[in-house]
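Atoms considered below: every heavy atom in the structure, side chains included; atoms not considered: hydrogens, waters and symmetry mates. Positions are given from 1 along the sequence. These figures come from a predicted structure and were not determined experimentally.
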Amino acid sequence: MGKILIKNGFIVSMDRDCRVFKNGDVLIDGDRIREVGNIDNNRLDGSEEIIQAEGKIVMPGLINSHVHTSQQLGRGIGDDVPLLTWLHERTFPYESNLTEEDSYTSTLLCCIEQIRSGVTTFAEPGGQHVNGMGRAVTEIGIRGILAKSTMDGGEGLPEVWKRSCEDELQIQVDNYENWHGKADGRIRTWFGLRTIFNNSDELILQTKELADRYGVGVHMHVAEIEDEVNYARETRGATTVEHLNNLGVLDKNFLAVHTVWLTEHEIEIFAEKEVKVSHNPAAAMRVLGFAKIPEMIGKGIVVSIGTDGAPSNNRMTLIDEMWLTSLIHKGRLLDPSVMPAQQILKMVTSDGAKALNWEDQIGQLEAGKKADLIIINPDTAAMLPLNDPIANLVTSMHSSNVESVICDGKWIMKDKKILTINEAEVIQAAKERAAAIMKRAGIQIPDRF
């Protein structure tokens, strides 16, 4: 890795003061940012690769805090059906029929979509083949947190997933030992819990103990639907959030996803325990409901944004999620001032990094941080004019505006060409494997024609 100098761009730093540099520069040295601002050419040594960025926007790589990479080959299997049909007749059969090679291809395909939409870091809530995920992330060059979707019970689990608490814990430890810190530190491994429907108290408690022991996080779907909250009351004697709090697992290394069915008291619990939240607006709007995101932010809770998986959303494009986030809460509260553009940009950069406990290295363009950044070309009919560039990034940018992506100081996409893998080969493999999975799983999608 050498030096890269990006010159004369509109630099959106997302640092503590959210500074913007017009006609600014970013100097990358190896895998780190050396300097941001207006750089004196006399201090350069001539070895830099110089990128002229006039008229373009340079900002930190986006952070997707919740995406099921192993579900990418299941895009389209969950449309227009009730939740239990989605789960027991579509998603569980699909996921349980994946092989490690399927997961590898699925993750590559998902990462291609992430890169093309400006994402340099993602958090995986869990599939069954972390080895396949890890291989894909290593090759494609993105930064990711991997986890296994752990389950030791629950209705409708496929036979292949029926494991004991001890087995699920050991697999998580093995995944950590095999993958944490790999790919020059781009890969981290967390501990995953699917939902309270599928997790015993023993599994929840011991998973949190392991996460604390290894100094990583816990990634869990929490209070997604009203049925879940009612189930927790019936089987645990308290709502999901109250029960997790009673167990003592809510903490600053706990990432709670969806969090749609929270009371005001439970929001207070999250704030007190410094729980992090991943907001997935498209997936929530499909069937879950509307999370109280402005209220959470108002209480000081760190909220990030995720896309969820392809069967839940179909668009693994964080740019679209920013746009949705900017709209739905204004409509829910009938207040156009809530969720301003600057706040939403924080959710996918600096606050996204905080949600993943990675803020010491990513999420901002500032000296010493990892060189994860994107170059955006706004010169399209859909994004111009730039009367308010910050608002435009949230409300009118598309994936097609993302021109180049650098992760860990390396080009992974340049001038819209992904450099690390053969995209055409991945797409062909994805089509073949997706068809084979559907056949093995016996999933029947009604003919609409």
Lys/Arg-Asp/Glu bridge criterion (N-O < 4.0 Å) met for [X], [Y]:
X    : Y    : answer
K369 : E366 : yes
K148 : E124 : no
D408 : K370 : yes
K273 : E268 : no
E403 : R116 : no
K354 : E274 : no
R286 : D79  : yes
E95  : R194 : yes

Any side-chain donor-acceptor pair under 3.5 Å between [X] and [Y]?
X    : Y    : answer
S350 : Q364 : no
T307 : N280 : no
N38  : N23  : no

Sequence neighbours excluded, every pair satisfying side-chain hydrogen bond (donor to acceptor under 3.5 Å, both in side chains) that has a member inside residues 427-438: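 side-chain hydrogen bond (donor to acceptor under 3.5 Å, both in side chains) check on residues 427-438 returns D102-R433, Q428-E432.
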According to salt bridge (Lys or Arg N to Asp or Glu O under 4.0 Å), who are the partners of R32, at least two apart in sequence or on a separate chain?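 Per chain and number, R32 pairs via salt bridge (Lys or Arg N to Asp or Glu O under 4.0 Å) with no residue.
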Please identify each residue that fulfils salt bridge (Lys or Arg N to Asp or Glu O under 4.0 Å) with K292, with sequence neighbours left out.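 Result, salt bridge (Lys or Arg N to Asp or Glu O under 4.0 Å) vs K292: none returned.
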Are [X] and [Y] packed together at the side-chain level, in the sense that at least one heavy-atom pair is separated by less than 4.5 angstrom?
X    : Y    : result
H258 : D308 : yes
I50  : K7   : yes
W411 : I51  : yes

Please verify the inter-ring angle class for H66 with H221; under 30° counts as parallel, over 60° as perpendicular, anything in between as tilted.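 Perpendicular, since the angle between the ring planes exceeds 60°.
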Do we get R143 above W358's six-membered ring, with its NZ or CZ under 6.0 Å from the centre and within 45° of the axis?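 Yes; both conditions hold, so R143 lies above the ring face of W358.
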Compute both the distance and the angle, then confirm whether R332 meets the cation-pi test with F290: under 6.0 Å from the six-membered ring centre, within 45 degrees of the axis.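 The answer is no; the distance or angle limit is not met.
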Within a 6.0 Å radius of atom CD on E264, are there more than 12 heavy atoms belonging to other residues, nucleotides or ligands?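 At most 12 heavy atoms, drawn from other residues, nucleotides or ligands, come within 6.0 Å of this atom.
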